[in-house]
Amino acid sequence: MKLALIGAGPRNLMALERLLAWNQRMSVNNLEIHLFDPAGIAGRVWQPAQPHELLMNSLAAKITLFTDHTIEMEGPTIPGPTLLEWAQRSGRAFIADHNYKNKEAFLSEISHLSTNSYASRGLYGVYQEWYYQQLLVDLPENVTVSFHKERVTGIQRLNDHTYKLNFDDAAETFDGVSMALGEGLAEATDSEKELADFASRNNLIYLRSGYAAEQDFDKIPAASAVLLRGLGLNFMDVMIMLTTHRGGTFQRLDDDTLRYKPSGKEPKIYAGSGRGFPYHARGFDQKAIGETRPLYFLSNQLVDHMIENQEQMSGQKFLDLIHSEVACTYYTKLVAQAYTGISAHEFERAFQKDPLSSQVLDDYGIAQEDRLDIEKLEHPEGDAQTAQDLQKVMIQYLEKDIAEAKRGNKISPFSSAMETLRELRTNIRKVITYKLISDDDYARYILGGFNSLNSFLAVGPPILRLE
């Protein structure tokens with residue numbers, strides 16, 4: 001059997017590990033596995049040579065490429081160290097044995113890495129290279145694994161079990177293919193072309209969204225004007241590359257706020273988005289590895305039952321279940337902390353029976369200002385009409401968001417609710433993958449609204465970036 005894994009980032013490295021693990025249980029005569037990625041092991045996103053200021057979006061203590069009892073699967077589990085554990089146990093020796101561009105920065109980073117640290121993306125790339133080398137140790141005689149720093153230019157299905165892969169100057173057939181291609185940079189949309197034209201007419205430098213590690217920021221002169229579309233994760237990367245990467249520093253003051261000390265090499269950044277506000281910060285992670293809140297509405301049992309019976313629900317019902325789950329977390333945390341005269345357990349049971357109406361909140365005396373207002377979350381600008389109004393609202397938004405994030409994802413009602421939204425990802429993916437809602441409802445409710453709001457609320461950067 002001859003298999004091709006196109007892309008050598010985390011997904012296909014884990015696919016390789018699963019193939020090798022299953023081979024121990026269901027061995028084939030000859031298993032030949034080829035990985036292809038012009039960027040090298042770890043792919044484009046996690047290359048070790050990228051600027052060290054670019055951070056991951058998850059804690060080093062909760063990043064792993066190995067499997068354990070927390071994974072929902074049928075195959076054999078083969079546990080191994082998390083990124084943090086690897087760094088503390090063998091990362092220093094592995095880095096010392098390799099000629100990495102950021103070698104000293106990696107060694108310094110490891111010495112300060114803790115359970116609450118967000119590692120650099122480059123260090124995760126090093127971890128992936130180590131992981132790949134571990135997979136090659138003690139391969140059975142019937143298995144060969146080869147890596148090719150080569151781009152696949154085309155793929156053609158010849159029949160049910162044979163595929164032809166094209167390269168720049170050759171072609172080869174395989175019995176199976178796994179594609180983990182990441183996010184490519186699509187052709188510019190009409191609106192992006194308009195922005196680029198506007199920028200060129202007004203002496204601005206327009207930066208399209210893309211991998212920050214692949215942007216040539218050095219070509220941007222100091223004191224020039226940069227135009228950015230979007231205030232999400234790409235914006236955070238660009239902000240760092242145009243500030244701290246150029247020698248500026250963020251200094252923490254006695255009141256725990258930050259003050260920026262410029263290097264004098266910065267451009268001026270003009271940034272905006274459809275919503276006009278940066279993504280919410282990730283709450284300080286207080287949960288143990290594998291710790292999740294029970295799901296009551298979009299539960300594992302409900303989703304598995306629908307898959308087994310090939311049932312469907314409406315797109316609105318799907319969103320209602322998600323909202324009910326998030327709201328349940330929010331209000332039970334809120335009641336336990338701010339409404340101590342109420343039995344939190346009794347309230348939670350009552351809320352679960354009628355999560356979409358305000359009757360339960362009225363019955364238990366939950367103040368209007370304490371209620372979870374999705375409309376306000378989606379449009380945080382409120383009734384701001386002038387630039388001065390928006391400036392005031394923006395500062396209040398940032399201060400409140402940072403404060404709530406620092407309270408943590410087991411204490412802050414808001415951060416806890418957003419953590420629940422993240423924990424729903426597996427079931428949300430299942431609903432979409434197994435077509436538990438119609439294609440029309442997927443387009444209308446998910447692509448047409450939920451995806452954007454979900455990213456804004458639950459896919460934000462570490463607290464430090466919002467600060």
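Since this is a predicted model, take the numbers as computed values, not measurements. The analysis underlying the following values was restricted to heavy atoms, covering all of them including side chains, and did not include hydrogens, waters or symmetry mates.
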Does one side chain, of [X] or [Y], offer a donor that lies under 3.5 Å from an acceptor on the other?
X: Thr420; Y: Glu325; answer: no
X: Arg229; Y: Ser191; answer: yes
X: His34; Y: Glu172; answer: no
X: Gln286; Y: Arg407; answer: no
X: Asn427; Y: Asn300; answer: yes

Strictly distance-based, threshold 3.5 Å: is any side-chain N or O of [X] a donor or acceptor partner for the main-chain N or O of [Y]?
X: Lys333; Y: Lys410; value: yes
X: Asn12; Y: Ala15; value: no
X: Tyr279; Y: Leu233; value: no
X: Asn142; Y: Val28; value: yes
X: Gln312; Y: Lys435; value: yes
X: Glu32; Y: Met1; value: no
X: Asp175; Y: Leu3; value: no
X: Thr67; Y: Ile78; value: yes
X: Gln88; Y: Ser114; value: no
X: Asn309; Y: Glu311; value: no

More than 12 heavy atoms from other groups under 6.0 Å of CG on Asp383:
no
Is it true that atom CZ of Arg349 has more than 12 heavy atoms of other residues, nucleotides or ligands lying nearer than 6.0 Å?
no
Report the C-alpha distance between Leu5 and Phe147 in whole Å, list the side-chain angles of each, state the deciding distance to 0.1 Å, and finish with yes or no for side-chain contact (heavy atoms from CB on, under 4.5 Å).
CA-CA 9 Å; Leu5 309 184; Phe147 172 71; over 6 Å; no
For Phe351 and Tyr331, take the angle between the two ring planes, folded into 0 to 90°, and tell me which bin it lands in: parallel under 30, tilted 30 to 60, perpendicular over 60.
tilted
Name the orientation class of the two ring planes belonging to Trp130 and Trp86 (parallel below 30°, tilted from 30 to 60°, perpendicular beyond 60°).
tilted
Heavy-atom distance under 4.5 Å between the side chains of [X] and [Y], does that happen here?
X: Glu53; Y: Asp237; value: no
X: Ile95; Y: Leu123; value: yes
X: Tyr442; Y: Leu447; value: yes
X: Tyr211; Y: Gln50; value: no
X: Ser412; Y: Phe284; value: no
X: Glu150; Y: Pro38; value: no
X: Ile446; Y: Asn454; value: no
X: Leu227; Y: Leu207; value: no

Would you call [X] and [Y] a salt bridge, using N to O less than 4.0 angstrom?
X: Asp401; Y: Lys406; value: no
X: Arg151; Y: Asp168; value: no
X: Arg444; Y: Asp440; value: no
X: Arg282; Y: Glu419; value: no
X: Glu423; Y: Arg293; value: no
X: Glu381; Y: Arg275; value: no
X: Arg44; Y: Asp37; value: no

[atom1]-[atom2] distance between [X] and [Y], expressed to the nearest 0.5 angstrom:
X: Thr64; Y: Leu83; atom1: OG1; atom2: CG; result: 8.5 Å
X: Leu295; Y: Thr329; atom1: CG; atom2: OG1; result: 8.0 Å
X: Gln134; Y: Glu17; atom1: CD; atom2: CD; result: 12.0 Å
X: Glu399; Y: Met394; atom1: CD; atom2: CE; result: 12.5 Å
X: Asp441; Y: Ser438; atom1: CG; atom2: OG; result: 3.5 Å
X: Met236; Y: Asn57; atom1: CE; atom2: CG; result: 10.0 Å

Show the numbers, then the answer: is there a ring pair (Phe, Tyr, Trp, His ring centres under 6.0 Å) between Tyr397 and His280?
CA-CA 9 Å; Tyr397 164 89; His280 283 275; 5.1 Å; yes
Going through the distances and angles, do Leu356 and Ser324 end up as a side-chain contact (heavy atoms from CB on, under 4.5 Å)?
CA-CA 7 Å; Leu356 298 177; Ser324 298; 3.4 Å; yes
Which is it for Tyr434 and Met306 under the side-chain contact (heavy atoms from CB on, under 4.5 Å) test, yes or no, and what are the steps along the way?
CA-CA 9 Å; Tyr434 291 96; Met306 292 185 68; over 6 Å; no
Audit row: Tyr445, Phe450, ring pair (Phe, Tyr, Trp, His ring centres under 6.0 Å) steps and yes/no
CA-CA 6 Å; Tyr445 292 96; Phe450 174 76; over 10 Å; no
If you take all heavy atoms of [X] and [Y], which pair is closest and at what distance?
X: Ile289; Y: Ala61; result: CD1-O, 3.2 Å
X: Ala384; Y: Val393; result: CB-CG2, 4.2 Å
X: Phe456; Y: Pro278; result: CE1-O, 3.2 Å
X: Arg425; Y: Ala458; result: NH2-O, 3.7 Å
X: Ile41; Y: Gln128; result: CG2-O, 4.0 Å
X: Ala4; Y: Phe36; result: CB-CE1, 4.0 Å

Working note: Phe297 + His323, criterion ring pair (Phe, Tyr, Trp, His ring centres under 6.0 Å); need CA distance, chi angles, decisive distance, verdict.
CA-CA 9 Å; Phe297 303 96; His323 178 265; 9.7 Å; no
Stepwise, does the side-chain contact (heavy atoms from CB on, under 4.5 Å) test hold for Ile307 with Leu436?
CA-CA 7 Å; Ile307 292 172; Leu436 305 187; 4.0 Å; yes
Please identify which of these residues, Thr340, Ile342, Leu361, meets the side chain to side chain contact (heavy atoms under 4.5 Å, CB included) condition with Val335.
Ile342
Check whether the ring centres of Tyr127 and Phe94 lie less than 6.0 Å apart, and answer yes or no.
no
Out of the candidates Glu192, Glu214, Glu187, only one should pair with Arg208 under the salt bridge (charged side-chain N to carboxylate O under 4.0 Å, His left out) rule; please name it.
Glu192
